[in-house]
Protein chains: 2
Amino acid sequence: MARATIKTIAQKAELSVGTVSRALKDCSSVKDKTKQRVRQIAEEIGYVRNLDGLRLRTGRTYSVAVVMTTPTTGSHEWEGVEYTNILNGIMGSLRGTMYRAAIYPVDDFDSSFQEIRNIVEQRLADGIIISGTRPDDARISYMLEKDFPFVTYGMSEHFTPYSYVDANSQEMSQKATTRLIQLGHTNIVSINPPDELMYSKQRQRGYIRALQDAGIEVQAEFIATGPLTPEFGKATVKALYNNDKKPTAYICANEASALGVLSAFYELGIKFGKDAIVNATDDINVSAYFTPPITTYFLPIEETSKALGEFIIRRIEGEPAQDLQRMVMPQLIERQDDRLKP
Amino acid sequence: MARATIKTIAQKAELSVGTVSRALKDCSSVKDKTKQRVRQIAEEIGYVRNLDGLRLRTGRTYSVAVVMTTPTTGSHEWEGVEYTNILNGIMGSLRGTMYRAAIYPVDDFDSSFQEIRNIVEQRLADGIIISGTRPDDARISYMLEKDFPFVTYGMSEHFTPYSYVDANSQEMSQKATTRLIQLGHTNIVSINPPDELMYSKQRQRGYIRALQDAGIEVQAEFIATGPLTPEFGKATVKALYNNDKKPTAYICANEASALGVLSAFYELGIKFGKDAIVNATDDINVSAYFTPPITTYFLPIEETSKALGEFIIRRIEGEPAQDLQRMVMPQLIERQDDRLKP
DNA sequence: TCCTAAAATACAAACGTTTCAATTATTGCT
DNA sequence: AGCAATAATTGAAACGTTTGTATTTTAGGA
């Protein structure tokens, strides 16, 4: 049997398609009794709106583009970010609405920009979610200029208000550093994402501020930036192994790089808790099972990703961007006391 | 400026829309010279086909549904499967074709079935990719019956040929077990996914066969099944800690559960390499950074996921299912010698 | 009862595409 | 030249919606 359309309902209800259309969308110009009858029939024959017809007519796409930078294919390195969780969160908040998510995996900034241009010009989506933001992010400027609805995961330094969801990286980084200083550490290494990313900058700022507040001199070589893989974490430890000032603590931006740090400890014979310790931020509860478990700052990834979906819809529906901003504060999970013991 | 449509081209080329449409799709009934002219113009004004019109007219959706069972939301447990990689692979092979992937995250078998029914009945996609297959998988029966194109990640026990991509779990499990037996282990624990999944069955079969071949009695309590999280791996070790026969080796179905096993070792004071060792299958190169690194079987996840995308398209285009089957054999990566040393 | 205003519905066009049937242009042959 | 056969193109309808405008129905006075 063919799929039920508005026309099917119209025939059954002896109404015109126009009225049925209006009835279904609760238009005030149609009588309550009629609405009821139409809904009744629609229910009975299991009618669902055909999106293609709708799109064609309205010019809207009812889809949200999620432009995500995904790990370089072929690298085989775990980047620790749980895209699944993010996608789940976004799709979760889209459920029940008319919107669908369309994923656009890209592998660097330029191709993400290109993809965004494409989406905007071809009207491939009604709104865009992006991540991997930069302090001066050309994609944001572009979408602002085109007045195209978007939400970012992470912030930038634009003046014009825009909608974002982010973890408070700077404060978290500062707190984490201060905590370690208070526990007696002075040679603290900060492992960060690539330099051009906004949250790398924020993390570095927080780190530096904490050191300055404590009157500790900042060592340039203690600020590492690179892809947040185990490989990079490991390489960082090795690179500093023969440094005159020996690091006694590492604060990693995610669990993947922290795993690499532990791996380096193991390989180099650095004793955890005696020679050095590791912390991580952006915990997604993997490090609870590390050997040993490490202290982290938990990222409520469900909350942030749900907000992404919610915000983009509200943005599309016209809510002002400045009302759609969320900053979450990750929570400390102390799995070690993180003092050095003899 | 409004978006360029077929009509725009028709006007510029002084042709009817019908001819333009045919010209663009390389129909034999239109003159070569005309085709060229049309293409030229299309190129110039940056025409791209409007999918909604196409869909509405043809009734095809040009989208592939990816119905994936995702980790239970709220569980906060790492399941180790890199959905990102799978998605990337699928989307990679869709790139350049007219097809788009639409993700349907579901959280259990029933809802995945429901979602599939929906997709088939409402013709929400032209083809479906599913995972988490069972020996007697009702979803597969359903799609076979409806003659709806699909590809599975993992196998079932259906007679009718269908398109699948899978790792050779049984052989891998058997080989892994045999290898450990040859290295002197007799009390080997097999950590598997939930019992109802096909690949759990395959793994158990391989494990049992290896033991039988070696004349070793199978201990029921050495076959564990459950969610492949670190938590489960850890719990399994703990549950067997006071067993009369002490396990000396664990073969985990993925790296996440292996991480849990190592975590239990650490907590219980079980010395790796002296008291027991751990192996894992479905390696996605995280365990190289474990403490210590462990022996695994590497899963070429790019290859499998690329095949998924490729197969579903070819299936949609009408290729017979029996030509679209791929079984990959994971490769041993020896990161330990895995003998017990005093 | 009739008229007017308001309420409810019907009609028809449009979105961009494909495709069937009909028409026109071209070619080859006598 | 003329004719048939074929090649190339056109016209129009259709897919399922929404929506502006026209039309009909209803209700409320006088």
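Basis for what follows: all heavy atoms, side chains included, without hydrogens, waters or symmetry-related copies. Chain letters run A, B, ... following the sequence lines, proteins first, then strands; residues in each count from 1.
Below the 3.5 angstrom threshold, one finds a donor paired with an acceptor across the side chain of A:Arg22 and the base of D:dG20.
Considering only side-chain N and O atoms, A:Thr34 lies under 4.0 angstrom from the phosphate OP1 or OP2 of C:dT9. The phosphate of C:dG16 has neither OP1 nor OP2 within less than 4.0 Å of any side-chain N or O from B:Thr5. For C:dT26, the OP1/OP2 oxygens have no side-chain nitrogen or oxygen of B:Lys31 closer than 4.0 Å. Taking 4.0 angstrom as the limit, B:Ser21 places a side-chain polar atom (N or O) nearer than this to OP1 or OP2 of C:dT18. In this model, the phosphate group of C:dT18 is approached by a side-chain N or O of B:Arg49 to a distance below 4.0 Å at OP1 or OP2. The side chain of A:Lys7 contributes no N or O atom lying less than 4.0 Å from OP1 or OP2 of D:dT17. The side chain of B:Ser16 contributes an N or O atom lying less than 4.0 Å from OP1 or OP2 of D:dT10. Side-chain nitrogen and oxygen atoms of B:Ser29 include none within less than 4.0 Å of the OP1 or OP2 phosphate oxygen of D:dA7. In this structure, A:Tyr47 reaches the D:dT17 phosphate: one of its side-chain N or O atoms is under 4.0 Å from OP1 or OP2.
Following rounding to the nearest Å, B:Asp26 (CG) and C:dT18 (C1') show an atom-to-atom distance of 16 Å. Between A:Lys33 atom NZ and D:dA27 atom P the separation is 10 Å, expressed in whole Å. One can place CD1 of A:Ile45 at 13 Å from C1' of D:dG16, the figure rounded to the nearest angstrom. What separates CD1 of A:Ile9 from P of C:dA10 is a distance of 14 Å, to the nearest Å. Distance CZ (A:Arg60) to P (C:dA14): 23 Å, rounded to an integer number of Å. Per the geometry, CZ belonging to B:Arg57 stands 7 Å off C1' belonging to D:dC15, to the nearest Å. Atom CD1 in B:Ile6 sits roughly 15 Å away from atom P in D:dG11 (whole-Å rounding). The interatomic distance linking B:Tyr62 (OH) with C:dT17 (C1') rounds to 11 Å, in whole Å.
Of the two residues near DNA chain C, A:Asp32 and A:Val17, the one whose nearest nucleotide lies more 5' is A:Asp32.
Nearest heavy-atom pair across B:Arg139 and B:Ser131 is NH2-O, 3.2 Å. B:Ser156 and B:Arg134 make their closest contact through CB-O, 3.1 Å (heavy atoms, listed as atom of the first residue, atom of the second, distance).
A cation-pi contact, defined as under 6.0 Å to the ring centre and within 45° of the axis, links A:Arg117 to A:Phe113.
Atom CZ of B:Arg123 has 12 or fewer heavy atoms from other residues, nucleotides or ligands within 6.0 Å. Within a 6.0 Å sphere centred on CD of A:Glu303, other residues, nucleotides and ligands contribute more than 12 heavy atoms. Remark: A:Gln322 CD is packed, more than 12 non-hydrogen atoms of other residues, nucleotides or ligands lying under 6.0 Å away.
Here the nucleotide nearest the side chain of A:Asn50, chosen from C:dG16, D:dT17, C:dA10, is D:dT17. The nucleotide whose nearest atom lies closest to any side-chain atom of A:Leu56 is, among D:dG16, D:dT19, D:dT9, D:dG16.
B:Asp52 comes within 4.0 angstrom of nothing in the nucleic acid, heavy atoms only. Note on B:Arg55: nothing from the nucleic acid sits closer than 4.0 angstrom, heavy atoms only. At the heavy-atom level, A:Leu51 lies nowhere under 4.0 Å from the strands shown.
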